[in-house]
A.B. asks: 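Structure incoming, see below.
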Amino acid sequence: MNKTERQMTEILRKGREAYGYAAVKAEVEAEGTRVEELLRLVEIAHAAGLELTVKIGGCEAIRDLLESKQIGVRYVVAPMVETPYALSKYIDAKQKIYNSDEALDTDFLFNMETITGYEHREAITDLAAGSPGVDGIVFGRVDFSGSMGVGRAGIESDEISVKVLEVSRLCKEKGLDFVVGGAVSIDALDNLHRFRDSYLTRFETRKVVFDAAALDSDCVRDGLLSAVHFELLWLINKREYYGAIHSEDAKRIDMLESRWKVLNGAA
């Protein structure tokens with residue numbers, strides 16, 4: 001590890017001990033996380049004693065599921081599941097990659113993040129709670145608000161929150177985990193408490209997943225602030241890593257360009 005990664009590890013370790021951090025999160029879908037980045041995150045998470053959540057590239061992303069199994073991902077999340085058929089494709093894909101024994105160590109969830117998915121909520125949650133099914137739903141409020149035409153400005157509105165609460169109720173009724181993400185910050189705390197009063201398993205920022213019990217602590221604001229700090233350091237570390245790769249051959253390129261100009265001129 002480098003200095004920045006050790007600092008990130010310490011933030012996560014303190015978060016696990018004091019702020020209710022449950023996992024670190026990577027997104028193949030929205031972030032385009034590369035394998036080498038994912039492996040760095042695995043080492044940092046394990047050093048801090050945390051699990052790893054990975055949002056794969058689609059409901060039938062076989063390669064992402066294979067890599068998730070190989071590195072020991074605890075929570076696998078499929079994005080943009082809008083219909084029972086899409087969920088059935090996800091269930092079939094994970095059944096191909098994980099046998100029943102391997103699946104004991106992994107929870108499979110999917111994103112409900114559009115109004116279309118919400119309109120199919122009864123059929124989707126029935127299928128999710130069946131056998132074989134999945135373990136839970138992540139309600140993605142940013143994309144959901146976009147699909148409703150209210151954008152980020154409307155994320156904390158009752159128009160969105162009542163729909164979150166309805167999916168929370170269905171998950172509780174059918175024994176599914178319920179996770180809330182999307183613009184989770186201090187501004188979201190009032191609504192997160194409402195969801196917690198209904199039913200909530202976890203909530204997540206872009207890079208950090210919290211246990212719902214973190215909302216019962218007076219330190220939850222500090223935990224959210226530290227999660228922002230972790231994401232900032234992650235991006236800085238990523239920039240420095242790829243910056244070093246970008247510059248590592250610069251001197252040889254300059255030398256070869258000079259040599260080429262001389263040889264080309266002579267020819």
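All residue numbers refer to positions in the sequence shown, counting from 1. We use all heavy atoms of the structure for the numbers below, so side chains are in, but hydrogens, waters and symmetry mates are not. Note that the structure is predicted; figures quoted are calculated from it, not measured.
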A.B. asks: For the pair H229 (side chain) and L225 (backbone), establish whether a donor and an acceptor sit closer than 3.5 Å, ignoring hydrogens and angles.
C.D. replies: no
A.B. asks: Pairs of donor and acceptor atoms involving the side chains of residues 136-154, under 3.5 Å and at least two apart or interchain, shall be tabulated with distances.
C.D. replies:
from: R141; atom 1: NE; to: G182; atom 2: O; distance (Å): 3.2
from: R141; atom 1: NH1; to: E156; atom 2: OE1; distance (Å): 3.0
from: R141; atom 1: NH1; to: E156; atom 2: OE2; distance (Å): 3.3
from: R141; atom 1: NH2; to: E156; atom 2: OE2; distance (Å): 2.9
from: R141; atom 1: NH2; to: G182; atom 2: O; distance (Å): 3.1
from: R141; atom 1: NH2; to: A183; atom 2: O; distance (Å): 3.4
from: S145; atom 1: OG; to: R141; atom 2: O; distance (Å): 2.8
from: S147; atom 1: OG; to: I115; atom 2: N; distance (Å): 2.9
from: S147; atom 1: OG; to: F144; atom 2: O; distance (Å): 2.8

A.B. asks: Return the set of residues passing ring pair (Phe, Tyr, Trp, His ring centres under 6.0 Å) with Y199 (not counting sequence neighbours), or none when no residue passes.
C.D. replies: none
A.B. asks: Measure the spacing between CG of L104 and OH of Y98 and express it to the nearest 0.5 Å.
C.D. replies: 12.5 Å
A.B. asks: Using the salt bridge (Lys or Arg N to Asp or Glu O under 4.0 Å) rule, take R206 and E231 through it: C-alpha gap first, then chi angles, then the decisive distance, then the call.
C.D. replies: CA-CA 8 Å; R206 188 64 176 262; E231 182 179 354; 5.4 Å; no
A.B. asks: So, using ring pair (Phe, Tyr, Trp, His ring centres under 6.0 Å) as the criterion, who are the partners of Y90 when residues are at least two apart?
C.D. replies: none
A.B. asks: Treating K94 as the side-chain partner and G133 as the backbone partner, does any N or O pair qualify as donor plus acceptor under 3.5 Å?
C.D. replies: yes
A.B. asks: Which residues pass the ring pair (Phe, Tyr, Trp, His ring centres under 6.0 Å) test with Y21, sequence neighbours left out?
C.D. replies: F210
A.B. asks: Suppose we screen for side chain to side chain donor-acceptor pair (under 3.5 Å). Which residues come up paired with E173, at least two apart in sequence or across chains?
C.D. replies: R169
A.B. asks: Side chain to side chain donor-acceptor pair (under 3.5 Å) with K96: which residues, sequence neighbours excluded?
C.D. replies: none
A.B. asks: Is it the case that K207 places NZ or CZ above or below the six-membered ring of F230, under 6.0 angstrom from the centre and within 45 degrees of the axis?
C.D. replies: no
A.B. asks: Ring centres of F178 and F195 under 6.0 Å apart?
C.D. replies: no
A.B. asks: Could you note down all residue pairs passing salt bridge (charged side-chain N to carboxylate O under 4.0 Å, His left out) where residues 191-205 supplies at least one of them, sequence neighbours left out?
C.D. replies: K25-E204, D158-R194, D177-R202, R196-D216
A.B. asks: Could you tell me which residues satisfy side chain to side chain donor-acceptor pair (under 3.5 Å) with T201, sequence neighbours excluded, listed by chain and number?
C.D. replies: none
A.B. asks: Just to verify, what does S88 make a side chain to side chain donor-acceptor pair (under 3.5 Å) with, not counting sequence neighbours?
C.D. replies: none
A.B. asks: Any salt bridge (charged side-chain N to carboxylate O under 4.0 Å, His left out) pairs touching residues 34-50, not counting sequence neighbours?
C.D. replies: E5-R40, R34-E37, E37-K238, R40-E43
A.B. asks: Apply salt bridge (charged side-chain N to carboxylate O under 4.0 Å, His left out) to E10 and list each qualifying residue two or more places apart in sequence or on a separate chain.
C.D. replies: R13
A.B. asks: How would you list all residue pairs meeting side-chain hydrogen bond (donor to acceptor under 3.5 Å, both in side chains) that involve residues 68-80, not counting sequence neighbours?
C.D. replies: K69-E102, R74-D107
A.B. asks: Between the side chains of E51 and R16, is the shortest nitrogen-to-carboxylate-oxygen separation below 4.0 Å, so that they form an ion pair?
C.D. replies: no
